[in-house]
2 protein chains.
Amino acid sequence: MVSHSSENPSDFPIPEEIAGLRMTRQRQEVYRILMQERNHPTANDVFMRIRETLPSVSLATVYNCLEALVQHGIIRQVNFDREPSRYCPNLDEHGHFHDESTGVIHDVRFKPGVNLADLLDLPPGAVIKDIEITLRGALA
Amino acid sequence: MVSHSSENPSDFPIPEEIAGLRMTRQRQEVYRILMQERNHPTANDVFMRIRETLPSVSLATVYNCLEALVQHGIIRQVNFDREPSRYCPNLDEHGHFHDESTGVIHDVRFKPGVNLADLLDLPPGAVIKDIEITLRGALA
DNA sequence: ACACGAATTGGAATAATTCTTGATATCAGC
DNA sequence: GCTGATATCAAGAATTATTCCAATTCGTGT
């Protein structure tokens with residue numbers, strides 16, 4: 001399906017295919033919601049939000065879409081302890097600061113020139129594929 | 001109950017009370033297992049292991065004990081993505097390297113003098129209570 | 001020994017996520 | 001524009017880790 005502007009009411013273009021993944025209407029919409037709501041929503045948040053524009057999508061489809069987007073490196077899945085997974089369209093290397101008093105999650109970047117792997121006492125021969133940094137605390 | 005040596009066959013002493021937590025037989029045993037099996041076992045791992053010495057303990061009790069130990073800062077709970085929680089008696093500040101080829105989890109310490117919070121672009125006023133670092137990859 | 005609060009048990013309940021199956025939609029080639 | 005092959009979707013059932021609950025047992029202080 002071609003993304004007519006009337007069907008893509010967002011302020012950024014969504015291509016029909018990204019990284020070899022067919023961008024169906026549902027996936028477009030899930031991605032658009034993630035780009036608009038930068039609050040690291042859960043699958044259920046996305047589900048409730050998507051019903052406004054595509055009332056027929058099921059929660060299972062939201063999960064499918066999110067997984068497809070994650071698998072293709074278009075978004076990231078973020079886990080805090082055992083809480084429901086959250087999703088994040090920020091692909092830059094970054095961590096997450098979880099403000100416990102408000103529940104808000106802030107993206108946290110490294111200061112320029114910092115390479116975490118250099119600062120760690122890694123087991124010899126370790127090849128890092130992915131780094132996850134989570135901070136918990138509050139804003140004074 | 002006094003820890004008679006016949007009832008505490010480990011090579012380290014377990015006090016009757018730690019950090020205000022009554023160390024019941026079950027909690028002692030859970031803690032002992034964690035100290036012996038440094039593989040970051042799951043609650044279920046501990047459950048299967050504890051049946052060898054205390055066959056009557058329930059899985060719920062294992063969860064209770066683990067939670068009590070975590071709450072009192074005696075052990076740490078470690079989460080990898082959505083996998084079952086793992087538990088770790090290493091209280092030093094450290095991260096975890098998950099070797100995907102073997103499934104083994106290695107503790108990773110910072111090189112001396114490194115303070116992670118200094119290297120991050122934190123939101124102003126952020127007070128860090130806890131840091132979690134997870135690395136995924138393989139050993140070449 | 002007694003009473004009271006804490007801990008334990010076992011099973012039921014919960015919640016996020018995944019799986020299954022049948023229905024639909026989409027694509028490539030003719 | 002058709003047709004078969006493939007990918008996606010919807011709905012609900014199933015799974016899994018974990019928590020909750022009610023009843024019993026245990027430990028500690030008196």
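Within every chain, numbering begins at 1; the chains are lettered A, B, ... in the order of the sequence lines, protein sequences first and strands thereafter.
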Rounding to a whole Å, what distance do you find between [X]:[atom1] and [N]:[atom2]?
| X | N | atom1 | atom2 | result |
| --- | --- | --- | --- | --- |
| A:Asp45 | C:dT17 | CG | P | 11 Å |
| B:Asn44 | D:dT19 | CG | C1' | 15 Å |
| B:Met23 | C:dT8 | CE | C1' | 16 Å |
| A:Arg86 | C:dT17 | CZ | C1' | 16 Å |
| B:Leu59 | D:dC21 | CG | P | 18 Å |
| A:Leu21 | C:dC27 | CG | C1' | 15 Å |
| B:Glu67 | C:dA7 | CD | P | 11 Å |
| B:Tyr31 | C:dA7 | OH | P | 18 Å |

task: Work out which heavy atom in B:Thr42 is nearest to a heavy atom in B:Tyr87; give both atom names and the distance.
output: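 Result for this residue pair: C-CD1, 4.5 Å.
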Taking side chain to side chain donor-acceptor pair (under 3.5 Å) as the test, write out the residues that go with [X], two or more places apart.
| X | result |
| --- | --- |
| A:Glu67 | none |
| A:Glu93 | none |
| B:Lys129 | A:Glu100 |
| A:Arg82 | B:Ser85 |

Would you please name every residue forming a side chain to side chain contact (heavy atoms under 4.5 Å, CB included) with [X], sequence neighbours left out?
| X | result |
| --- | --- |
| A:Ser101 | A:Asp99, A:Ala138 |
| A:Ala60 | A:Ser58 |
| B:Arg51 | B:Phe47 |

Under 3.5 Å between N/O atoms: give me all the protein pairs with nucleotides 22-26 of chain D, atom names plus distance.
none

Please write out each protein N/O paired with an N/O of nucleotides 14-16 of chain C under 3.5 Å, distance rounded to 0.1 Å.
none

task: Examine the side chains of B:Glu29 and B:Thr53 and answer whether a donor and an acceptor come within less than 3.5 Å of each other.
output: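 The answer is yes; a qualifying pair exists.
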Polar contact flag, side-chain donor to acceptor under 3.5 angstrom, A:Arg32-A:Gln28: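 There is no such pair (donor and acceptor under 3.5 Å, judged by atom type) between the side chains of A:Arg32 and A:Gln28.
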- prompt: Hey, are the side chains of A:Cys88 and A:Ile75 touching, using non-hydrogen atoms and a 4.5 Å cut-off?
  reply: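 A side-chain contact under 4.5 Å is absent here.
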Side-chain heavy atoms of A:Asp107 within contact of A:His40, under 4.5 Å: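 In short, these two side chains touch, coming nearer than 4.5 Å.
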Counterpart residues, ring-ring contact (aromatic ring centres under 6.0 Å, His included), relative to A:His94 (two or more places apart):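 A:His94 satisfies ring-ring contact (aromatic ring centres under 6.0 Å, His included) with A:His96 only.
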Short N/O separations, protein against nucleotides 9-13 of chain D, under 3.5 angstrom:
{"from": "D:dC9", "atom 1": "OP1", "to": "A:Thr24", "atom 2": "OG1", "distance (Å)": "2.4"}
{"from": "D:dC9", "atom 1": "OP1", "to": "A:Gln26", "atom 2": "OE1", "distance (Å)": "3.2"}
{"from": "D:dC9", "atom 1": "O3'", "to": "A:Gln26", "atom 2": "NE2", "distance (Å)": "3.3"}
{"from": "D:dA10", "atom 1": "OP1", "to": "A:Ser56", "atom 2": "O", "distance (Å)": "3.3"}
{"from": "D:dA10", "atom 1": "OP2", "to": "A:Thr61", "atom 2": "OG1", "distance (Å)": "2.0"}

query: End-to-end bend of the helix from C:dA1-D:dT30 to C:dC30-D:dG1 (five-pair axes, 10° rounding)?
result: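 Between the axes fitted at each end of the helix from C:dA1-D:dT30 to C:dC30-D:dG1 lies an angle of 30°.
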